[in-house]
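A short write-up of the structure that comes next.
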Amino acid sequence: MNLRAPKGTDDVFPPESRAWRRLLRTWDDLSERYGYELVMTPSFEHTEVFARGVGEATEVVEKQMYTFEDKGGRSLTLRPENTAGVVRAYIQNGRTGVFKGAYSGAMYRYERPQEGRRRQFWQLGVEYLGESHVDADLEVIELGYRFLLEAGLGDIEVLVNSIGDPADRVAYNELLTSWLTDRADLLSSDARGRIESNPLRVLDSKVDGDVLGDSPTPADHLSEETAAHYAALVEGLEAREITYRKAPRLVRGLDYYNRTVFEYVPKLYAAAQNTVGGGGRYDGLAELLGGRHLPATGLALGLDRILVALGDRPPPRALDVFLVIADPSLRAEARDFARRLRDAGVRTDFVAGERSVKAQFKAADRRDAAVVAVIGEEWSDGKVTVKDLSSGEERLVVAGDLPGWMDR
RNA sequence: GUGACCGUAGCUCAGUUUGGUUAGAGCGCCUGGUUGUGGUCCAGGAGGUCGGGGGUUCAAGUCCCCUCGGUCACCCCA
């Protein structure tokens, strides 16, 4: 029996899980305040949803998918990303017009694990469907930016670019292909192999950076309309005081993107996998999946990576009050008292069985409670002895006043 | 898929170079130091297939081979 979690997966326990809980709540709250409703789609889809949506020639589809046949002979795939699934659901459910959806969930890609790259990883994201205006792109970028700041990741830089519309890319691809072909002998074999299949992808190759330094870029070959869209995007970032940098060779690994693409990079985080989020516009995806034309834009944030980038920080406290029941005959009263505290929003706990006072204090300490409230002889006066566990200070407090007392 | 480094107690590691008695430390855990007080302090205790398999040897944690696992980087992407 192999008792290990599978390669590239993690168990999240306290105290690390406290930071997870905090960020999941922040996300839920922030996305709701921006008007995004919760959307939940299956963890697996028919393989073709990703093959067609994400793109046959992408790394993700070519070699990173967890694909399996179920007992009914269907080819299914664990979602490597969530956008294709949400768009599939929008089409299937016959929705029309604008839909703003937020999600949070595990994604799966078969890769060699390393820092910030897991086989099961958690993404937070939004999809803004049915809106072609650049303000939708801007809202999405702002939302992700705000989240990262609230998470505690100061100093975020948003890398932005425009890769144009498919029409722009016909001419550009031709130009790029011939430019790359002229220099094929200088390129890595990986890059050479992509000249025919997916020339745009060559642009973000790390090893070929030197060669690519003066290559033609997509943003310099836009139609009037897409150029205006990009200009308005940059202007909007300025107006929102979002720290950004134009990254002319930023392209995305998923085929469905057009026009706007962006990534979030924390300036002070030096690992190889330092992109904590990214996204862009994908006006063509719905059609690829067999629906009608649907302008859309969205973003995904890598929660695992955000937490790695945050580094080791003192974990937030998880418990406010720990009840110590000094007189076992008061157990029922203690239980009611705990319920009142919990109803008042005070995080409260106590040991389940009958244990010595010493053991109960020890439990309180191990759970990292802020204070202990002792329920014993003072209960007959309606009071509890409250001890601050970090200072050791003790005082008598009227039981009903404890929630308010905690707020001080 | 490619490469480098690393696997000894729950965790962090020493011991491996130069093979040699019952494999160690710190932290953590459990018990005790009498009444209703944790954390600190003192005393005791539990806990190890030295990742696994094979080989060399009188003798292997230590040397050789294979294998599994981990980490980081390439690649890819959140």
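Keep in mind that what you see is a predicted model, and the values were worked out from it rather than measured. Chain identifiers are assigned alphabetically (A, B, ...) following the order of the sequence lines, protein sequences preceding nucleic acid strands; residue numbering begins at 1 within each chain.
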>> Tell me the interatomic distance from A/L323, atom CG, to B/G38, atom P, rounded to whole angstroms.
In response: 18 Å
> Contact class for A/E115 vs. all strands (heavy atom < 4.0 Å): base, sugar-phosphate, or nothing?
Replying inline: sugar-phosphate
> Hey, does A/Q360 reach any base, or is it just sugar-phosphate, or nothing, if we go heavy atoms under 4.0 Å?
Replying inline: nothing
> Given the P atoms of B/A46 and B/C65, what is the spacing between them in whole Å?
Replying inline: 39 Å
> Across the strands shown, which category fits A/G116 at heavy-atom distances under 4.0 angstrom: base, sugar-phosphate, nothing?
Replying inline: base
> Whom does B/C27 pair with, Watson-Crick or G-U wobble, provided both distances fall under 3.5 Å?
Replying inline: B/G10
> When the P atoms of B/U16 and B/C64 are considered, how many whole Å apart are they?
Replying inline: 15 Å
> Can you tell me how far P of B/U35 sits from CG of A/D327, to the nearest Å?
Replying inline: 16 Å
>> Only pairs with both distances under 3.5 Å count, Watson-Crick or wobble alike; so what is the partner of B/U18 in this structure?
In response: none
> B/C68 and B/C29: how far apart are their C1' atoms, nearest whole angstrom?
Replying inline: 30 Å
> Considering only the C1' atoms, how many Å lie between B/G15 and B/G28, rounded to the nearest integer?
Replying inline: 22 Å
> Separation of A/D365 atom CG from B/C30 atom C1', in whole Å?
Replying inline: 16 Å
> If you check every side-chain atom of A/K387, which of B/G36, B/G38, B/C75 has the closest atom?
Replying inline: B/G38
> Using a cut-off of 4.0 Å on non-hydrogen atoms, how would the nucleic acid contact of A/K7 be classed: base, sugar-phosphate, or nothing?
Replying inline: sugar-phosphate
> Would a distance-only check, ignoring hydrogens and angles, find a side-chain to backbone donor-acceptor pair under 3.5 Å from A/H133 to A/D135?
Replying inline: yes
> Does a side chain donor of either A/T385 or A/E378 reach within less than 3.5 Å of an acceptor in the other side chain?
Replying inline: yes
> Given B/C30, is OP1 or OP2 found less than 4.0 Å from the side-chain N or O atoms of A/R366?
Replying inline: yes
> Counting side-chain heavy atoms from CB outward, which of B/G36, B/C75, B/C30 is closest to A/E59?
Replying inline: B/C75
>> Return the pairing partner of B/A73 with a 3.5 Å limit on both distances, Watson-Crick or G-U wobble; otherwise return none.
In response: B/U2
> More 5' along RNA chain B: A/D10 or A/G392, using each one's nearest nucleotide?
Replying inline: A/G392
> If the C1' atom of B/A9 is compared with that of B/G51, how far apart are they to the nearest Å?
Replying inline: 14 Å
>> If I take atom CZ in residue A/R194 and atom P in nucleotide B/C76, what distance separates them, rounded to the nearest angstrom?
In response: 4 Å
> Using purine N1 to pyrimidine N3 plus N6-O4 or O6-N4 for Watson-Crick, or N1-O2 and O6-N3 for G-U wobble, each under 3.5 Å, what pairs with B/G61?
Replying inline: none
> Below 4.0 angstrom, N of the basic side chain to O of the carboxylate: do A/D365 and A/K362 qualify?
Replying inline: no
>> Given B/A78, B/G38, B/G36, identify the nucleotide with an atom nearest to the side chain of A/L389.
In response: B/G38
> Nearest of B/U37, B/U71, B/C76 to any side-chain atom of A/V374?
Replying inline: B/U37
> C1' atom, B/G10 versus B/G48: distance in rounded Å?
Replying inline: 12 Å
> Can A/T297 and A/E131 be counted as having a side-chain donor-acceptor contact under 3.5 angstrom?
Replying inline: no
>> Side chain of A/E377 only, heavy atoms from C-beta on: which candidate in B/U71, B/G36, B/G70 is closest?
In response: B/G36
> Among B/C76, B/C72, B/G38, which is the nearest nucleotide to the side chain of A/Q114?
Replying inline: B/C72
> Taking N and O atoms by type only, does the side chain of A/R117 place a donor or acceptor under 3.5 Å from a partner on the base of B/C72?
Replying inline: no
> In terms of the angle between their ring planes, are A/H221 and A/Y172 parallel, tilted or perpendicular, with boundaries placed at 30° and 60°?
Replying inline: tilted
> Are A/D349 and A/R342 within salt-bridge range, i.e. N to O under 4.0 Å?
Replying inline: yes
>> Counting only side-chain nitrogens and oxygens, does A/R79 get under 4.0 Å of the OP1 or OP2 atom of B/A78?
In response: no
> What's the closest nucleotide to the A/R252 side chain, out of B/C72, B/A78, B/G36?
Replying inline: B/A78
> Distance between the P atoms of B/G26 and B/U62, in whole angstroms?
Replying inline: 26 Å
>> Is it the case that the base of B/C74 and the side chain of A/R112 share a donor-acceptor contact (distance under 3.5 Å, atom types as modelled)?
In response: no
>> Give me the atom names and distance for the closest heavy-atom approach of A/R169 to A/L200.
In response: CD-CD2, 3.8 Å
>> Taking the minimum atom-to-atom distance to the side chain of A/E378, which one of B/C76, B/G38, B/G36 wins?
In response: B/G36
> Should the ring pair A/Y108 and A/Y66 be called parallel, tilted or perpendicular, given that the plane angle runs from 0 to 90° and is split at 30 and 60?
Replying inline: perpendicular
> Between B/U71 and B/C58, how far is it from one P atom to the other, in whole Å?
Replying inline: 41 Å
> Are A/R118 and B/U71 close enough that a side-chain N or O sits under 4.0 Å from OP1 or OP2?
Replying inline: yes
> Do the charged groups of A/R109 and A/E81 touch, with an N to O distance under 4.0 Å?
Replying inline: no
>> If you only use heavy atoms from C-beta on, which nucleotide in B/G38, B/A78, B/C74 is closest to the side chain of A/F361?
In response: B/G38
> With sugar-phosphate meaning primed atoms plus P, OP1 and OP2, does A/L124 contact a base, only sugar-phosphate, or nothing at under 4.0 Å between heavy atoms?
Replying inline: nothing
>> Using heavy-atom distances to pick each residue's nearest nucleotide on RNA chain B, tell me which of A/R109 and A/P6 is more 5'.
In response: A/P6
>> Between P on B/A78 and CD1 on A/I306, what's the gap in Å once rounded to a whole number?
In response: 13 Å
> Between B/U71 atom C1' and A/D304 atom CG, what is the distance in whole Å?
Replying inline: 17 Å
> Roughly, in whole Å, what's the span from CD in A/E393 to C1' in B/G38?
Replying inline: 16 Å
> Paired with B/G48 by Watson-Crick or G-U wobble geometry, both distances under 3.5 Å: which nucleotide is it?
Replying inline: none
> Of the candidate nucleotides B/A78, B/G38, B/C76, which contains the atom at the shortest distance from the side chain of A/K362?
Replying inline: B/G38
> Counting any heavy atom closer than 4.0 Å, what does A/T385 reach on the DNA or RNA strands: base, sugar-phosphate only, or nothing?
Replying inline: base
>> Heavy atoms only, 4.0 Å cut-off, all strands: where does A/G376 land among base, sugar-phosphate and nothing?
In response: base
> Roughly, in whole Å, what's the span from CG in A/D11 to C1' in B/G10?
Replying inline: 15 Å
